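Worksheet for the structure shown next.
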Amino acid sequence: MTEYLVTGGCGFIGSHLCEALLAQGDKVRILDDLSTGKLANKPRGAVLFRGDVADAALVREALSGVDGCFHLAAVASVERGNEDWLGTHRTNLTGAITVFEAARRARSDGRAVPVVYASSAAVYGDNPAVPLAETAATRPLSAYGADKLGCELHARVAAHVHGVPTVGLRFFNVFGPRQDPKSPYSGVISIFCDRLSAGQGIRIFGDGRQTRDFVYVADVVAALLAAMRRLPPESPVFNVCTGRSTSILDLAATIGALCGRAPQIDFAPPRAGEIRASLGDPARLAAALGVTAATSLRDGLAKTLGS
Ligand code: NAD
Ligand code: UD1
């Protein structure tokens with residue numbers, strides 16, 4: 001039986017991944033400090049190592065003997081990275097290096113444990129190319145994006161110097177059931193679904209014409225599983241996106257329509273370090289791993305609202 005460690009497995013994307021692994025008959029360990037994740041998200045059957053992903057001794061213990069690691073633990077909010085630069089760096093980059101380091105010789109046969117890790121569209125920053133292919137220049141605008149780019153650079157070191165197979169997935173804006181709407185740092189779809197379905201108003205930062213490539217969580221899980229199954233060589237990175245862009249204003253209107261009400265919008269100044277237009281090119285992922293993000297925004301929103 002195959003056994004995996006999922007860091008951040010009590011979070012939004014991680015908990016969906018753990019469920020999928022258990023459903024295909026794998027054993028699952030989770031390392032999570034429950035800072036934004038929840039115990040209620042831990043699927044029955046997964047074993048929790050509660051603690052910090054930058055704690056080298058704990059990570060070594062959690063990784064010992066597993067067949068692969070999905071590294072998802074991070075402070076996922078761009079805004080929180082702006083406010084707590086040094087603190088989020090510890091989790092977002094030191095945490096990743098801690099995982100790569102521990103993966104070097106974590107198997108009983110002395111071989112390295114492969115690591116599939118979450119990068120982000122935030123690495124492209126203010127690169128104006130549309131759509132963004134993986135060959136586009138990386139120009140992060142935020143501490144969060146800079147740390148995700150740092151993860152990619154250290155993943156290359158892990159592979160080339162230490163023999164740790166790595167695959168980086170640059171998720172665009174992921175949404176779906178179980179994304180926590182209750183913090184000011186939450187993803188925009190979770191906040192809009194929560195508030196509009198309750199008949200409350202929403203806030204839009206900036207003019208609402210900024211665009212995002214929203215990808216449904218089940219499609220992201222498919223990409224994670226395929227990356228681990230195939231483990232292409234040379235520590236590659238792949239966009240995980242749909243190739244379709246949506247403005248925040250259109251998003252609000254679509255969710256409003258699904259909830260049967262016109263949204264009441266309060267406009268606020270744009271957030272610092274914000275990307276204006278974010279649209280990914282999904283071609284490399286489709287060609288190399290055979291995964292396309294098939295769920296439409298409307299279907300994904302309906303599933304999110306119905307959950
Ligand atoms: P999430 O906040 O729901 O999940 C992150 C998990 O990591 C949580 O369970 C949290 O408790 C855990 N965690 C945070 N700091 C930790 C620490 N120091 N030690 C141990 N555990 C810690 O966020 P998510 O949306 O599920 O994001 C998962 C991954 O995907 C992150 O790496 C994030 O940067 C990346 N990502 C997310 C999106 C998105 O749109 N949601 C897009 C691009 C990349
Ligand atoms: C998101 C992810 C980040 C990921 C990145 C990849 C979250 C919390 N952040 O960042 O992990 O790496 O995508 O592209 O999932 N907005 C409003 N009103 C709100 C909330 C947000 O107008 O109430 C706007 C924001 O200003 C932004 C857009 O909606 O322009 C998206 O914001 P958000 O969901 O926080 O995501 P990103 O910052 O794009």
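This chain uses plain numbering: 1 for the first residue, then up along the sequence. Predicted, not measured: the structure shown is a model, and the values here were computed from it. Ligands are counted one by one from 1 in listed order, and the atoms in each one are counted from 1 as well.
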Atom 23 (O) of ligand 1 - nearest protein heavy atom and its distance: A76 CB, 3.6 Å

Using the salt bridge (charged side-chain N to carboxylate O under 4.0 Å, His left out) rule, take K182 and D180 through it: C-alpha gap first, then chi angles, then the decisive distance, then the call. CA-CA 6 Å; K182 293 298 182 198; D180 181 8; over 6 Å; no

Thinking salt bridges, do R212 and D250 make one under a 4.0 Å N-O criterion? no

Tell me: protein heavy atom nearest atom 37 (C) of ligand 1, and distance? I13 CD1, 3.8 Å

Under 4.0 Å from ligand 2, residues with heavy atoms, in chain and number order, are A76, V78, S120, A121, Y144, F171, F172, N173, Q179, Y185, S186, G187, V188, I191, F192, R203, I204, F205, Q210, R212, I248, R271, E274

Return yes if some donor-acceptor pair links the side-chain N/O of R230 with the main-chain N/O of A288 below 3.5 Å, else return no. yes

Give yes or no for whether the N/O distance cutoff of 3.5 Å, strictly under, is met between D32 and ligand 1. yes

Does the N or O separation between G14 and ligand 1 drop below 3.5 Å for any pair? no

For atom 2 (O) of ligand 1, find the nearest protein heavy atom and state the residue, atom name and distance (0.1 Å precision). T36 OG1, 2.6 Å

Per-atom contacts of ligand 1 with A118, taking only distances under 4.0 Å to non-hydrogen atoms: 29 (C), 30 (O), 32 (O), 35 (C)

For atom CZ of R284, decide whether the heavy atoms of other residues, nucleotides or ligands shown that lie under 6.0 angstrom number more than 12. yes

On the 0 to 90° scale, with breaks at 30° and 60°, tag the F100-H71 ring pair as parallel, tilted or perpendicular. perpendicular

Sub-4.0 Å atoms of ligand 1 with respect to non-hydrogen atoms of G11: 3 (O), 4 (O), 8 (C), 9 (O)

List the steps, then state whether salt bridge (charged side-chain N to carboxylate O under 4.0 Å, His left out) holds for R90 with D84. CA-CA 10 Å; R90 183 169 186 280; D84 181 15; over 6 Å; no

Nearest non-hydrogen protein atom to atom 5 (C) of ligand 1, with distance, is A74 O, 3.6 Å

Quick one: nearest non-hydrogen protein atom to atom 28 (C) of ligand 1, plus distance? L72 O, 3.6 Å

Candidate pair F175 and Y216, rule ring pair (Phe, Tyr, Trp, His ring centres under 6.0 Å), full reasoning: CA-CA 5 Å; F175 74 102; Y216 188 62; 5.5 Å; yes

From F70, Y117, F171 - option closest to atom 43 (C) of ligand 1 by heavy atom: F171

Note: ligand 1 atoms sitting under 4.0 Å from heavy atoms of S119 are 43 (C), 44 (C)

Could you please spell out the steps behind the side chain to side chain contact (heavy atoms under 4.5 Å, CB included) verdict for R29 and V66? CA-CA 9 Å; R29 298 180 189 175; V66 300; 3.6 Å; yes

So which bit of T91 gets within less than 4.0 Å of ligand 1, heavy atoms only: side chain, backbone, both or neither? side chain

For side chain to side chain contact (heavy atoms under 4.5 Å, CB included), just list the numbers for T211 and L279, CA-CA rounded to whole Å, side-chain angles, deciding distance to a tenth of an Å, and then say yes or no. CA-CA 8 Å; T211 56; L279 173 66; 5.9 Å; no

Any heavy atom of K38 under 4.0 Å from ligand 1? The part involved is neither

Please state whether C10 comes within less than 4.0 angstrom of ligand 1, counting heavy atoms only. yes

Check whether any side-chain heavy atom of C18 lies under 4.5 Å from a side-chain heavy atom of P43, and answer yes or no. yes

Quickly, which of E83, R80, E79 forms a side-chain hydrogen bond (donor to acceptor under 3.5 Å, both in side chains) with Y185? Name it, please. E83

Closest protein heavy atom to atom 42 (C) of ligand 1, given as residue, atom name and distance to 0.1 Å: F172 O, 3.1 Å

Proximal atoms of ligand 1 relative to L34 (non-hydrogen, under 4.0 Å): 11 (O)

Atoms in ligand 1 with a heavy atom of G37 nearer than 4.0 Å: 8 (C), 9 (O), 10 (C), 11 (O)

Do ligand 1 and S120 have nitrogen or oxygen atoms that lie under 3.5 Å from each other? no

Counting from 1, what ligand 1 atoms have a heavy atom of D52 closer than 4.0 Å? 17 (C), 18 (N), 19 (N)

If the cut-off is 4.0 Å to any non-hydrogen atom of Y144, which atoms of ligand 1 fall inside it? 33 (C), 34 (O), 35 (C), 36 (N), 43 (C), 44 (C)

Starting from atom 17 (C) of ligand 1, what is the nearest protein heavy atom, named by residue and atom, and what distance separates them? D33 OD2, 3.2 Å

Going by distance only, is there an N or O of F12 that falls short of 3.5 Å from an N or O of ligand 1? yes

Of all the non-hydrogen atoms in the protein, which one sits nearest to atom 14 (C) of ligand 1, and at what distance? S35 OG, 3.3 Å

For R298 and L258, run side chain to side chain contact (heavy atoms under 4.5 Å, CB included): C-alpha distance rounded to whole Å, both residues' side-chain angles, the deciding distance at 0.1 Å, then the answer. CA-CA 9 Å; R298 195 165 266 277; L258 285 166; 3.8 Å; yes

L141 vs E274, test: side chain to side chain contact (heavy atoms under 4.5 Å, CB included). Steps then yes/no. CA-CA 7 Å; L141 277 177; E274 278 253 307; over 6 Å; no

Can you confirm, on distance only, whether ligand 1 has an N/O atom lying under 3.5 Å from any N/O atom belonging to V174? yes

Could you see if V99 belongs to whatever hydrophobic cluster contains M228? Use Ile, Leu, Val, Met, Phe, Trp, Tyr and a side-chain cutoff under 4.5 Å. no

For L93, run the side-chain contact (heavy atoms from CB on, under 4.5 Å) check against L149, L153, D147, T88 and tell me which one passes. D147

Between D219 and T295, a side-chain donor and acceptor under 3.5 Å: yes

Out of all atoms in ligand 1, which are within 4.0 Å of some heavy atom of G51? Include the element for each. 19 (N), 20 (C)

Between the side chain of E134 and the main-chain N/O of N239, is any donor-acceptor distance below 3.5 Å? yes

Could you check L17, V240, L225 and say which one makes a side-chain contact (heavy atoms from CB on, under 4.5 Å) with V220? V240

